[in-house]
Amino acid sequence: MPKKLSQLQEKKAPFNKVIKISFVIWLTCVISVLVMIGYVVGIRRELFDKAPNIYAFLVLGLVLVGCLAFLVGIISFTAQLIAKRSQKKQNIFVFLIKLFFILAVLPLYLAVYILRPLEAIKKLKHTGIKGLLKGFSIKPFMTKIIALLIVGAIILPIWIGGYALVGVMVKEALGYDPEAIAIAGTGSMFPTFPKGEGKDPKELAKQIVGYPGMIRYPNGLVIAGRRYFNYEIGRGDIVVVENDKIREMTKNMYGEPSGWVKRVIGVPGDSIELREGIVYLNGEPLKEPYTAKPRSTFGEAFLKECQKVIVPENHIFVMGDNRKGSGDSREIGFVEISAVNHVLPLKDQKGDLAKYWRDTSRDFDESSKIKLDKEKYLTLLNEKRKEAGARELKYQPKLELSAQKRGETILKFDDFSFEATRSGYTMEKAMRETNYSNIVWGEAPTQGYYEAEELIDNQFQFPESKKFLTDKTYQEVGIAEVEGEINGCPTQVIVQHFAGYVPPNYSKEVIDSWRTSLERLKEIQPGWAKLKEYKEFYEKNKSDIDRINEIISTRIANISAIVTRMESNQWLTAAEQKMIDQDKALYDEQEAIATKLNSQH
């Protein structure tokens with residue numbers, strides 16, 4: 001049986017005593033704390049971190065005792081009000097429930113208790129406004145005013161502060177208290193987060209460009225193996241993800257393993273496809289104001305152009321906002337949700353983070369396709385070459401034509417190899433068809449749509465392409481943007497053709513060797529020609545004598561041309577190179593005939 005509270009309703013004295021003692025203790029603690037602070041700061045002229053620890057411990061102890069006294073006093077006071085207003089006996093369980101709810105809204109309850117609005121309304125209804133004013137007395141009125149001021153000045157602020165403190169504690173316990181996350185200046189999330197200064201990836205990775213507040217993930221409360229009040233990751237959220245693949249990629253790129261900060265594009269069950277620079281989410285083109293450029297999302301190793309993928313359970317598909325400068329799910333595939341450790345919901349990104357986002361109203365228009373400013377690109381490229389000590393490139397229209405021909409072939413056969421292993425149509429053949437020739441040449445095909453700065457940044461972040469583009473042997477360049485399809489998927493390839501002239505710089509030994517051969521042939525030519533004067537011997541060996549004289553004449557003519565070209569430090573023509581290839585066979589034939597004829601003397 002619950003214990004009845006008849007004794008509690010009949011005897012109010014114990015509550016009064018507890019309330020008075022609690023008030024005295026609380027007031028004493030408040031005054032003592034103020035005196036202690038005044039003494040340390042005003043008289044000793046010290047802050048508590050510099051003063052002896054005894055002062056800090058005393059203040060802390062007084063605050064704790066004061067809070068406890070205030071709590072006991074408030075509970076006793078509220079219990080007294082309940083007991084005073086209760087007309088019937090009630091069990092302790094009902095009493096505790098009332099106590100809990102009244103304490104929860106104590107300032108409001110006290111305001112109602114002091115003003116008694118229901119009584120005023122009833123009196124107004126029965127006696128009217130005159131009857132209400134007739135019973136007015138200044139002393140009770142002022143008492144109520146003072147009581148309301150005490151409630152508003154002391155109890156209400158304490159209650160508001162208490163609720164705020166509880167809210168913070170609950171928020172922290174559930175993982176909803178934002179934590180500052182350092183964002184590196186790699187530029188993969190530009191424009192949401194700014195780029196660092198410089199071009200070296202390792203240098204950029206060490207620069208911090210922001211500290212957004214992100215909540216922990218997973219969060220919420222776990223009860224009996226199930227998670228409650230947790231945040232569910234959604235599209236558009238920014239997440240921090242880290243797994244073995246990501247750590248390996250970041251170590252290779254930046255020198256140290258770390259996680260990624262990326263945006264969630266797809267959640268479990270979503271279909272994702274990339275086509276002409278646009279993301280198609282569940283079959284619909286996705287407007288993305290947070291991306292650096294419109295129509296700038298192209299395929300990588302995992303997700304290629306026009307290939308549809310479905311995000312599996314417990315995974316997400318993430319990408320950086322700067323699609324041209326981001327390693328993400330397009331390269332490594334889906335990321336498991338368990339790899340997420342922090343999240344910034346999309347709804348919390350408005351304001352400072354969204355101030356550089358774009359207007360997407362014309363993103364799907366043809367005019368939004370990114371175009372390459374060739375003149376600007378060449379200027380930027382020549383600046384890079386100058387820094388590397390290479391000469392400036394001149395634009396060559398014939399190389400643009402050869403690049404156009406190669407681009408069409410690359411798209412037709414889906415063959416980006418320099419050797420043209422599928423098509424057989426090499427850069428050399430394309431140059432020949434445009435009536436262009438040179439000594440050295442090279443080709444740089446890039447799939448996708450780029451502006452001048454983007455293409456330069458993309459090419460110069462890789463050591464191999466940087467070395468190729470700053471090759472000192474190149475003097476001319478031609479660039480072609482070629483749109484078409486690969487396996488039925490619309491795309492574009494930017495083809496750059498480079499060429500240049502390098503003098504052969506033949507060694508003295510090589511030139512002397514050919515010159516000696518020429519002199520030797522000229523020395524022996526008269527002797528072999530004179531054999532025709534010996535009629536009997538000539539008639540007997542006519543074919544051999546005519547042939548050896550023909551060979552000697554041919555070799556003299558060929559080697560004379562070769563020596564002249566080498567002495568001028570010019571490259572041999574194709575015909576002259578063929579002469580060199582044939583000279584060994586002619587020499588062997590000459591020696592064989594000479595041996596045969598000499599044996600007949």
Side-chain angles (χ1 to χ4, degrees), residues 372-410 415-421 423-447 450 452-453 455-482 493-508 510-511 561-562 564-581:
L372 179 66
D373 185 334
K374 297 176 185 178
E375 185 177 342
K376 185 175 183 180
Y377 173 81
L378 184 57
T379 299
L380 294 173
L381 178 56
N382 278 331
E383 288 175 0
K384 295 285 189 181
R385 287 176 62 84
K386 186 177 180 180
E387 292 173 7
R391 72 181 75 182
E392 290 189 358
L393 296 172
K394 294 183 178 179
Y395 201 81
Q396 172 54 255
K398 288 186 176 181
L399 283 176
E400 180 180 337
L401 288 175
S402 65
Q404 178 74 28
K405 289 177 175 292
R406 273 288 291 153
E408 293 169 357
T409 304
I410 285 171
D415 179 11
F416 285 78
S417 67
F418 181 70
E419 297 80 10
T421 52
S423 66
Y425 188 75
T426 62
M427 176 181 174
E428 185 177 5
K429 290 182 178 179
M431 289 193 304
R432 195 180 305 132
E433 287 187 5
T434 59
N435 296 317
Y436 180 85
S437 65
N438 217 320
I439 302 304
V440 292
W441 59 84
E443 180 180 76
T446 305
Q447 187 177 2
Y450 288 86
E453 295 90 344
L455 185 56
I456 282 288
D457 289 345
N458 180 67
Q459 291 173 326
F460 274 80
Q461 69 176 316
F462 301 105
E464 289 186 5
S465 59
K466 179 179 179 180
K467 181 181 178 181
F468 174 79
L469 293 170
T470 55
D471 191 322
K472 296 179 181 180
T473 61
Y474 296 139
Q475 293 136 29
E476 296 180 322
V477 64
I479 307 170
E481 294 175 280
V482 185
V493 62
I494 298 173
V495 181
Q496 296 168 266
H497 276 185
F498 299 84
Y501 178 82
V502 178
N505 296 325
Y506 303 105
S507 67
K508 184 176 182 301
V510 170
I511 298 174
I562 291 169
T564 300
R565 187 76 66 180
M566 287 184 172
E567 288 177 340
S568 301
N569 198 24
Q570 297 178 353
W571 287 96
L572 299 174
T573 64
E576 289 165 346
Q577 186 60 52
K578 189 175 182 180
M579 293 176 189
I580 290 179
D581 297 337

Exercise for review: Answer yes or no: are there more than 12 heavy-atom neighbours, outside Glu375 itself, under 6.0 Å from its atom CD?
Suggested key: no
Check your understanding: Considering residues at least two apart in sequence or located in another chain, which fulfil the salt bridge (Lys or Arg N to Asp or Glu O under 4.0 Å) criterion with Glu481?
Key -> none
**Study point:** Separation between CD of Glu453 and CG of Leu372, rounded to the nearest 0.5 Å
**Key:** 9.5 Å
Review point. How many angstroms lie between CD1 in Ile562 and CG in Leu572, if you round to the nearest 0.5 Å?
Key: 6.5 Å
Review point. Are side-chain N/O atoms of Gln496 and Tyr377 paired as donor and acceptor at under 3.5 Å?
Key: yes
Check your understanding: Rounded to the nearest 0.5 Å, how far apart are CD1 of Ile479 and CZ of Phe498?
Key -> 6.5 Å
Check your understanding: So which of Glu400, Glu428, Glu443 actually passes salt bridge (charged side-chain N to carboxylate O under 4.0 Å, His left out) with Arg406?
Key -> Glu443
Point to revise | Those residues that, when tested against Glu408, pass side-chain hydrogen bond (donor to acceptor under 3.5 Å, both in side chains) (two or more places apart) | key: Gln404
Exercise for review: Report yes if the side chains of Lys384 and Leu469 come closer than 4.5 Å at any heavy-atom pair, otherwise no.
Suggested key: no
Exercise for review: Report the distance from atom CD1 of Ile410 to atom OH of Tyr425, rounding to the nearest 0.5 Å.
Suggested key: 11.0 Å
Exercise for review: Answer whether the closest heavy-atom distance between the side chains of Arg565 and Thr573 falls below 4.5 Å.
Suggested key: yes
Check your understanding: Do side-chain atoms of Ser465 reach the backbone of Gln459 as a donor and acceptor pair under 3.5 angstrom?
Key -> yes
**Study point:** pair Arg432-Lys429: side-chain heavy atoms closer than 4.5 Å
**Key:** yes
Exercise for review: First locate atom CG of Asn569, then atom CG of Asn505, and finally report the distance between them rounded to the nearest 0.5 Å.
Suggested key: 5.0 Å
Point to revise | Minimum heavy-atom distance Leu380-Ile456, with the two atoms named | key: CB-CG1, 3.8 Å
Practice item. Tell me yes or no: between the side chains of Glu576 and Gln570, is some donor less than 3.5 Å from an acceptor? Key: no
**Study point:** Result of checking Gln396, Glu476, Lys398 against Tyr436 for side-chain hydrogen bond (donor to acceptor under 3.5 Å, both in side chains)
**Key:** Glu476
Check your understanding: How close do Glu419 and Thr426 get, heavy atom to heavy atom, and via which atoms?
Key -> O-CG2, 3.7 Å
Practice item. Could you check if a side-chain atom of Arg391 sits within less than 4.5 angstrom of a side-chain atom of Lys472, using non-hydrogen atoms only? Key: no
Practice item. Determine whether Thr409 and Asp415 make a side-chain contact, defined as any pair of heavy atoms from C-beta on separated by less than 4.5 Å. Key: no
**Study point:** Heavy-atom pair of closest approach, residues Pro445 and Val493
**Key:** CB-CG2, 4.2 Å
Review point. Listed by chain and number, what are the salt bridge (Lys or Arg N to Asp or Glu O under 4.0 Å) partners of Glu433, not counting sequence neighbours?
Key: Lys405
Exercise for review: Looking only at non-hydrogen atoms, find the nearest pair between Gly478 and Ala403 and report the distance.
Suggested key: O-CB, 4.1 Å
**Study point:** Stacked cation flag Lys374 on Tyr395, 6.0 angstrom / 45 deg
**Key:** no
**Study point:** Tyr501 OH to Asn438 CG distance, which is reported to the nearest 0.5 Å
**Key:** 9.0 Å
Check your understanding: Taking the side chain as C-beta and beyond, is there a heavy-atom pair between Trp441 and His497 under 4.5 Å?
Key -> no
